[in-house]
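Notes to accompany the following structure.
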Amino acid sequence: MIPVKHTESDASTEGLDWQTESTGADMTRGDRIREFYERSIYEPAVVAWADMRTRVGLLMLSVYLAITAVAVFGLWREPSSSQAPRLLGMFENWSYPLGTTSAGVDLTAELVHATPDIMLMVLAGGVWATGLAVLVGTVAGYKGGRVDRVLMSISDFFMAIPGLPLVIILAITFSPENPIFVGVILTINYWAGLGRSLRSQVLTIREDSYVEASRTMGTSTFRILRKDVIPNLMPYVTVNFVFAARYTIFASVGLFFLGVLPYSQPTWGVTLARAQENGALFVPEAAHWLIAPMIFIVGLALALILMGQGLDRVFNPRVRTRMAGESESTAEEDETITGGTL
């Protein structure tokens, strides 16, 4: 584990030291705002944007956000039966670009209007799983003693429960239709493994010299966790947030497909289930009915993976240090070439 602050490596990250502390007591409010913008927004964005995969992931995620906005603001027709000719293929009629179902439902409308709920589920599942894991892991690892034993016993209990049967029982019991509630249920015990992993990292971090110095100076536990401990966990947190979000997508599609989760609005899993029930697996004319929702599902999962790699570049000090070294090498080469030309 390389701490984000108080390391020699940070000294070499000239231009990328956006997480170091400022000691400028004489700074004006405008200077502080400018410094916050450069360290917290501009420089992380430059680091993430330097990677092609991140740019592709951001572009793909932007497409899904745009689809969400289209559905929320009602810019595309709502799906309904007999609104179009039956079983139109993809791009046969540009009024229905993704085709239609055997009931004459516009597939584009059905998938677009299902996107906002999926995005809410993904966000809720990711925030719930990683947020609870960070809370439990950091408190247990830093406090130790009885607190550690109690929290890790709870974590072990949830890890011992099979996830899928638990989710099915909760879904049948509560019949959730609110997408946020569905996202939380799908990741109800997903946090436990990550919480234990984070606790192991915190056990190492809390013995570092800069954390010990903060304790010696009487810094509160909350401030130490916020300033010294959690920033060093961000590479793990961001990667696991992406894993939790991707798990939520596949779990929700699977459970809607199986009919375990109730629904009153269009969902990607229900679209797949209806396609399968109507023989789309064996009828070439109906193949687009399966392909279209699968494109939406795989595209969102891929966008999250690419964005996760970009966030890892932002928060991982090893990557930032390597990028700083590459930048310095490039600058030296440019200077050498320029000097040779002159």
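These numbers come from a predicted model, not from an experiment. These values consider heavy atoms only, across backbone and side chains, with no hydrogens, waters or symmetry-generated copies.
- Residue pairs meeting the side chain to side chain donor-acceptor pair (under 3.5 Å) criterion with at least one member in residues 180-198, sequence neighbours excluded, are Asp156-Arg196.
- For Glu212, the side chain to side chain contact (heavy atoms under 4.5 Å, CB included) partners at least two apart in sequence or on another chain are Arg215, Thr216.
- For Thr219, the side chain to side chain contact (heavy atoms under 4.5 Å, CB included) partners two or more places apart in sequence, or in a different chain, are Ser214, Met217, Arg223, Ile224.
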Under 3.5 Å, sequence neighbours excluded: what are the donor-acceptor pairs made by side chains of residues 61-75?
unit_1: Ser62; atom_1: OG; unit_2: Leu58; atom_2: O; d: 2.7
unit_1: Tyr64; atom_1: OH; unit_2: Phe296; atom_2: O; d: 2.6
unit_1: Tyr64; atom_1: OH; unit_2: Leu300; atom_2: N; d: 3.0
unit_1: Thr68; atom_1: OG1; unit_2: Tyr64; atom_2: O; d: 2.8

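- Partners of Asp106 by side-chain hydrogen bond (donor to acceptor under 3.5 Å, both in side chains), not counting sequence neighbours, listed by chain and number: Trp76, Arg77.
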Distance-only criterion, 3.5 Å: show the donor-acceptor pairs between side-chain atoms of residues 268-277 and protein atoms not counting sequence neighbours.
unit_1: Trp268; atom_1: NE1; unit_2: Leu111; atom_2: O; d: 3.3
unit_1: Thr271; atom_1: OG1; unit_2: Glu110; atom_2: OE2; d: 2.7
unit_1: Thr271; atom_1: OG1; unit_2: Thr267; atom_2: O; d: 3.0

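- Applying the side-chain hydrogen bond (donor to acceptor under 3.5 Å, both in side chains) rule to Arg246 yields no partners; only residues at least two apart in sequence or on another chain are considered.
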Throw together a table of side-chain donor-acceptor distances under 3.5 angstrom for residues 247-262, partners on residues two or more places apart or in other chains.
unit_1: Thr248; atom_1: OG1; unit_2: Ala244; atom_2: O; d: 2.8
unit_1: Ser252; atom_1: OG; unit_2: Thr248; atom_2: O; d: 3.0
unit_1: Ser252; atom_1: OG; unit_2: Ile249; atom_2: O; d: 2.8

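- For Phe157, the ring-ring contact (aromatic ring centres under 6.0 Å, His included) criterion is met by no residue, not counting sequence neighbours.
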Show the atom names and distances, to 0.1 Å, of all donor-acceptor pairs under 3.5 Å that link a side chain in residues 129-138 to residues at least two apart or in another chain.
unit_1: Thr130; atom_1: OG1; unit_2: Gly126; atom_2: O; d: 2.5
unit_1: Thr138; atom_1: OG1; unit_2: Val134; atom_2: O; d: 2.5
unit_1: Thr138; atom_1: OG1; unit_2: Leu135; atom_2: O; d: 3.3

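- For Arg149, there are no side-chain hydrogen bond (donor to acceptor under 3.5 Å, both in side chains) partners, not counting sequence neighbours.
- Applying the side chain to side chain contact (heavy atoms under 4.5 Å, CB included) criterion to Ser102, with sequence neighbours excluded, gives Leu87, Asn278, Trp289.
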